[in-house]
Amino acid sequence: MSDDQDDGASSHEPHERNEPHERHEPRESQESQEGGRGSGGREGGADRGEGAGEQPREVSVFASADRSPLGGDGDTGGAATARRALRTWAAAEGDRHTTFLGDGTLFEGNQFFSVFGSDHSSHFVRGPVPAETLADLGRVYCEIAGYQQMKQRLRDHRVLVLCGEPGSGRKATALALLDELTGGNVFRLDPRHGVDEITEEALQERCGHLMELLTEDVRTESEPRHSRSGRSEGAGSARRPATRLSELHLDRFGDLLRGRDAYGIVLVESGELADRMLRGRYGTPCAPPPADEVLRRHLRDRLRGEPPEALAAAWELAERPDVVRAVGLEELRPREAARFADHLARHWRGEATDEQLLGECATFVASQAREWFSSADRPGTLPEALPALNTGAFRIAVAVFDGSAYSLAAEAAELLAWELAVALDPEHAPGRRLFGTRAEHRPMRARAVLEDGELDLGPAKVPVRAVRFQGEALAGAVLGEVWHGYHNARGPVARWLRSLCDDPRAEVWVRASVAAGVLCSWDWIHGFRELIVPLAVTDVPVARLAAATALAESARDPRVRPAVASVLKDWGVSADSTLVGTALLTHGYVLAAGGVPGSLEALARIVRAHEASDTEVLVLAAFSVARLLASGEPETVVRRLHVWLDDGRLTLANVVHLAVLRALSTRTTHLWGLRDVPELDPHAARPLLVALLATRPDLAPELARLLRNTLATARAGSAALEALGGLLRRAAKDEEALGHVCRFLPLLAVDRRDRDRLRGLLNELVRDRDRPLDRGAARRMWDAVTEGANR
């Protein structure tokens with residue numbers, strides 16, 4: 001489907017089973033992917049009784065009760081942590097205009113520059129920095145670490161290369177240095193030309209000269225090039241990469257400056273060129289000044305002439321929680337601090353209300369995202385545009401993997417860059433730079449940092465090198481800017497997210513599916529067909545679970561929820577088993593039906609509609625019921641399970657028994673949802689039943705009734721007894737869990753038959769030759785049973 005076509009999604013169910021869009025990126029290995037899929041077929045779990053003769057269908061259902069919806073014995077370990085780590089999604093300086101006047105003068109912002117030289121074809125310009133600009137800077141500039149060393153190096157070499165991110169204060173530091181050394185005589189040089197093109201005529205005697213070097217992938221020289229049709233496009237529009245800056249060019253520049261008794265500073269953006277310059281004698285890093293001190297100085301300047309309490313009141317306002325949330329950035333850069341100070345000063349003077357202040361603060365993150373993606377594919381051809389595409393792809397990847405492992409974000413960024421590059425120029429196969437920008441420098445281009453972190457995989461935690469934005473609002477702003485602002489980028493981003501949703505690692509597919517759900521909520525008519533349907537109709541279990549997650553996440557928006565409910569209603573009665581399974585999984589997240597009661601009713605309706613189907617419907621329905629038990633409203637679920645048992649329908653009773661087995665054997669962290677349930681977090685590694693006993697002790701009698709019913713049912717009793725044995729083994733190694741289990745066991749021993757069943761199970765576990773149960777723990781369990789019977 002073309003990215004420019006409107007899908008029109010008039011019907012929720014596809015007319016035919018279309019596979020997802022063909023992925024362009026060459027995967028490093030398909031074998032691991034297909035190996036994971038092989039265990040996810042619908043046959044997995046139905047062969048447990050192999051060798052003992054064909055079993056009745058009811059028995060085979062419970063033999064596969066603990067099978068994961070991802071297939072085989074796989075689980076969703078780490079998915080809960082991945083979901084919880086996602087930050088709040090929210091869609092949230094104007095462009096500088098440069099004009100050439102007719103008399104050979106260039107106007108940029110509020111400054112005029114004159115074109116000089118006999119050869120006007122070079123268009124080399126320079127312009128003085130106004131005295132008032134330097135005076136304003138002198139009042140607010142905050143000296144950064146290493147400032148004095150920079151000044152000495154500038155005196156020695158006459159030229160200095162300052163490396164840092166745009167907006168980090170590097171230009172202010174350069175102007176402060178040149179102003180101090182020249183007494184206020186500072187000129188800016190034409191940024192469209194390289195250092196190697198500077199002539200002696202371009203330099204002023206006893207003055208400072210500032211050049212902001214454009215990134216290597218932007219700055220170009222005129223040279224005719226040919227289009228694909230073979231026609232020359234002319235020198236005015238054609239460009240080729242400029243000469244790479246080297247120390248040879250800087251040596252020459254320094255000699256020219258020394259001859260004029262002048263100074264020069266070149267600004268270079270962080271990246272490969274900056275890395276190279278920092279290894280030489282001219283380069284020096286320019287770290288941002290302390291953000292709080294910069295803001296304080298700007299406030300002091302804006303509030304000159306105001307009462308003494310004005311500064312304290314403005315500072316208190318800046319730290320107000322709602323203002324901090326509206327800004328959405330951990331540290332403001334100097335240019336942003338100046339704007340923020342202006343907003344605070346206007347609020348103090350009564351020129352802006354609280355609502356207006358919060359609205360202005362919310363523009364900081366949106367402005368940053370807009371600046372990042374404005375012409376991010378410049379100059380529009382490969383390979384010239386590839387560096388800019390790589391940077392843009394990395395920012396989008398960090399938005400999806402904010403707080404996750406850097407390795408995952410970096411690899412995802414490479415895959416997205418490939419998609420973007422192919423969309424830009426299908427005839428060229430882009431490659432990967434192997435030794436480009438180092439890992440510690442790359443996050444700077446996304447206002448991100450690297451930190452030592454820990455990744456929870458469910459049963460275990462592993463150390464990771466994590467990457468995160470320096471501001472919780474940046475993730476949503478980045479996705480919103482790309483999705484809303486650039487329609488042609490939607491196709492590559494959608495294909496990229498679908499490929500991530502096919503990844504068996506929970507830390508990858510969970511984040512990708514949640515991001516896909518957010519995008520769908522922003523534009524349902526487009527996102528549903530491009531993101532969800534291709535995942536829902538596949539036979540890959542993880543893709544269908546990702547589709548369910550995306551559907552549920554999109555239903556978080558009340559305006560989209562009716563559309564999601566309509567889709568799930570159609571899919572629930574579909575003849576396509578993949579759509580039925582996706583609908584069942586979606587209702588386990590609560591959001592699609594608006595609440596737990598509605599989700600349970602939807603699950604029952606689908607189960608009743610497929611009474612003659614295979615066991616897949618029952619297994620997936622039970623998994624979603626167990627997930628609802630962990631959603632924060634277990635009382636509602638337990639009451640409904642008793643109603644289903646009393647209903648008399650065999651299929652509903654089977655779902656109840658399967659859900660009970662799931663609660664006995666499944667770790668709570670594997671039953672994660674899209675709603676936070678903080679009280680379950682300390683029990684994430686324990687079986688769900690133990691977690692419920694710890695957090696909802698009043699539910700213990702009702703949970704015991706459900707388990708007793710399952711144990712007493714012939715078709716489910718054997719599997720339930722085995723699952724209970726596994727729970728007792730785990731509890732024997734966990735003192736806190738053992739206490740909860742000992743208080744629960746008497747509720748299972750209502751009559752002699754129950755007590756005999758428990759005594760036989762404990763004896764079997766203690767006498768197990770391979771994994772004997774600790775006798776002390778077994779004695780505590782049996783004593784609890786007998787004491788309960790005596791009472």
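Remember, it's a predicted structure, so these values are computed and weren't measured experimentally. Count residues from 1 along the sequence.
Within the 4.5 Å cutoff, side-chain heavy atoms of L295 are placed close to those of W315. The side-chain heavy atoms of L213 and L267, taken from C-beta on, include no pair separated by under 4.5 Å.
The aromatic rings of W372 and F469 lie parallel to each other, with less than 30° between the two planes, well short of the 60° mark.
Residue E330 forms a side chain to side chain donor-acceptor pair (under 3.5 Å) with just one option from R468, R447, Q470, and that option is R468.
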- request: Test ring-ring contact (aromatic ring centres under 6.0 Å, His included) on H157 and Y282 and set out the steps.
  value: CA-CA 8 Å; H157 302 302; Y282 296 109; 5.6 Å; yes
- prompt: Given the rule in the side chain to side chain contact (heavy atoms under 4.5 Å, CB included) test, do D342 and E360 qualify, once you have shown the distances and angles that lead to the verdict?
  reply: CA-CA 10 Å; D342 187 60; E360 293 290 347; over 6 Å; no
- request: Applying side chain to side chain contact (heavy atoms under 4.5 Å, CB included), run through N390 and R433 and close with a yes or a no.
  value: CA-CA 10 Å; N390 283 331; R433 287 291 305 278; 5.5 Å; no
- request: Take H526 and W483, measure what ring-ring contact (aromatic ring centres under 6.0 Å, His included) needs, and give me the verdict at the end.
  value: CA-CA 11 Å; H526 182 92; W483 196 248; 5.7 Å; yes
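Expressed to the nearest 0.5 Å, how far CG of D292 lies from CG of L299 amounts to 10.5 Å. For the atom pair CG (L591) and OG (S554), the distance works out to 9.0 Å, reported to the nearest 0.5 Å. Note that CG of L177 is 9.0 Å distant from CD of E143, once rounded to the nearest 0.5 Å. Of the inter-residue distances, the one linking R206 atom CZ with T182 atom OG1 reads 11.5 Å to the nearest 0.5 angstrom. Here the straight-line distance linking atom CD1 of I265 with atom NZ of K171 works out to 12.5 Å at 0.5 Å rounding. Between the CG atom of D179 and the CG atom of L134 there is a distance of 4.5 Å, given to the nearest 0.5 Å.
Side chain of D557 to backbone of R559: a donor-acceptor contact under 3.5 angstrom is found. Side-chain atoms of T173 come within 3.5 Å of backbone atoms of G169 as a donor-acceptor pair (strictly under, hydrogens ignored). At distances below 3.5 Å, not a single donor-acceptor pair connects side-chain atoms of S404 with backbone N or O atoms of F401. Counting only distance, with no hydrogens or angles, the side chain of R349 and the backbone of L344 share no donor-acceptor pair below 3.5 Å. In this structure, Y486 contributes its side chain and F373 its backbone to a donor-acceptor pair below 3.5 Å.
A salt bridge links R170 with E212: the distance from a Lys NZ or Arg NE/NH1/NH2 to an Asp or Glu carboxylate oxygen falls below 4.0 Å. With salt bridges taken as basic N to acidic carboxylate O contacts below 4.0 Å, none links D255 and R158. Ion pairing between D251 and R281 holds under the 4.0 Å rule for side-chain N and carboxylate O. Using a 4.0 Å cut-off between a side-chain N of Lys or Arg and a carboxylate O of Asp or Glu, E553 and R556 qualify as a salt bridge. Using a 4.0 Å cut-off between a side-chain N of Lys or Arg and a carboxylate O of Asp or Glu, D301 and R304 qualify as a salt bridge.
Nearest approach of C207 to A262, heavy atoms of both residues: O-CB, 3.1 Å.
In this structure, the side-chain contact (heavy atoms from CB on, under 4.5 Å) partners of D136, at least two apart in sequence or on a different chain, are R139.
Under the 3.5 Å distance criterion, with hydrogens and angles disregarded, a donor-acceptor pair is assigned to the side chains of D354 and H347. Residues Y406 and E451 bring no donor and acceptor atom of their side chains to less than 3.5 Å of each other. Counted by atom type alone, R442 and T391 present zero donor-acceptor pairs between their side chains at under 3.5 Å. Side-chain N/O atoms of Q356 and R346 include no donor and acceptor closer than 3.5 Å.
Within 6.0 Å of the CD atom in Q152, the count of heavy atoms belonging to other residues, nucleotides or ligands exceeds 12. In this structure, E316 places its CD atom where only 12 or fewer heavy-atom neighbours from other residues, nucleotides or ligands lie under 6.0 Å away. By the 6.0 Å contact criterion, CD on E306 is enclosed, its count of non-hydrogen atoms from other residues, nucleotides or ligands being greater than 12.
Remark: R445 fails to qualify as a cation-pi partner of F394 under the 6.0 Å distance and 45° angle criteria applied to the six-membered ring.
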